[in-house]
Chemist: 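One structure follows; several queries about it will come next.
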Amino acid sequence: MSQISLEKQEAKLKQLNQKIKAEKNKIEQRLGKQIISQANLDYANLSNDQIKLLAKRFSEFLKVKPVDH
């Protein structure tokens, strides 16, 4: 393979990785928003420590009771 071809493939791979990362971020944001909304929590009153505690409790809950697919 030529150097130019490899560079093009590398650029495509980087672009694809960026798209994957952006989609993961969208999903994480939507999930967090839905959890906060469903729990009737106030964004203004959530500290980083509270967010971490909620995430830990939520993950522990899911480990005990997995989501059906």
Side-chain angles (χ1 to χ4, degrees):
M1 255 185 189
S2 71
Q3 181 69 23
I4 293 174
S5 178
L6 288 173
E7 289 172 358
K8 286 181 180 180
Q9 285 184 348
E10 185 178 14
K12 286 181 183 180
L13 182 59
K14 284 181 181 179
Q15 186 179 29
L16 183 58
N17 282 333
Q18 288 175 345
K19 285 182 180 181
I20 291 169
K21 187 175 181 179
E23 189 62 29
K24 279 180 64 177
N25 285 337
K26 283 184 202 176
I27 291 168
E28 289 171 356
Q29 289 175 359
R30 286 194 315 253
L31 176 61
K33 184 176 181 179
Q34 283 300 313
I35 291 168
I36 290 168
S37 174
Q38 294 293 319
N40 293 320
L41 299 173
D42 184 8
Y43 287 94
N45 295 328
L46 289 176
S47 69
N48 282 339
D49 289 339
Q50 289 172 317
I51 291 169
K52 287 178 184 178
L53 179 61
L54 287 169
K56 182 178 179 181
R57 287 182 180 171
F58 186 67
S59 70
E60 289 170 355
F61 172 78
L62 289 177
K63 288 176 187 174
V64 173
K65 192 173 184 176
V67 176
D68 293 331
H69 296 282

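All residue numbers refer to positions in the sequence shown, counting from 1.
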Chemist: Let me confirm one number: the CG-CG distance from Leu13 to Leu6, rounded to the nearest 0.5 Å.
Modeler: 12.0 Å
Chemist: Is there side-chain contact between Ile35 and Leu54, with heavy atoms separated by less than 4.5 Å?
Modeler: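 A side-chain contact is absent here, since even the closest heavy-atom pair is not under 4.5 Å.
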Chemist: Output the distance between atom CG (Leu16) and atom NZ (Lys14), rounded to the nearest 0.5 Å.
Modeler: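 Going from the CG atom of Leu16 to the NZ atom of Lys14 covers 13.5 Å.
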Chemist: When you group the ILVMFWY residues by side-chain heavy-atom contacts below 4.5 Å and let the links chain together, are Ile36 and Phe58 in the same group?
Modeler: no
Chemist: Under the side-chain contact (heavy atoms from CB on, under 4.5 Å) rule, what do Lys26 and Glu23 come out as? Steps first, then yes or no, please.
Modeler: CA-CA 5 Å; Lys26 283 184 202 176; Glu23 189 62 29; 3.9 Å; yes
Chemist: Is there side-chain contact between Arg30 and Ile27, with at least one heavy-atom pair below 4.5 Å?
Modeler: yes
Chemist: For residues Leu53 and Asp49, determine if any side-chain heavy atom of one lies less than 4.5 Å from a side-chain heavy atom of the other.
Modeler: no
Chemist: At their closest point, which heavy atom of Ser47 faces which heavy atom of Gln50, and how far apart are they?
Modeler: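 Reported closest heavy-atom pair: N-OE1, 2.8 Å.
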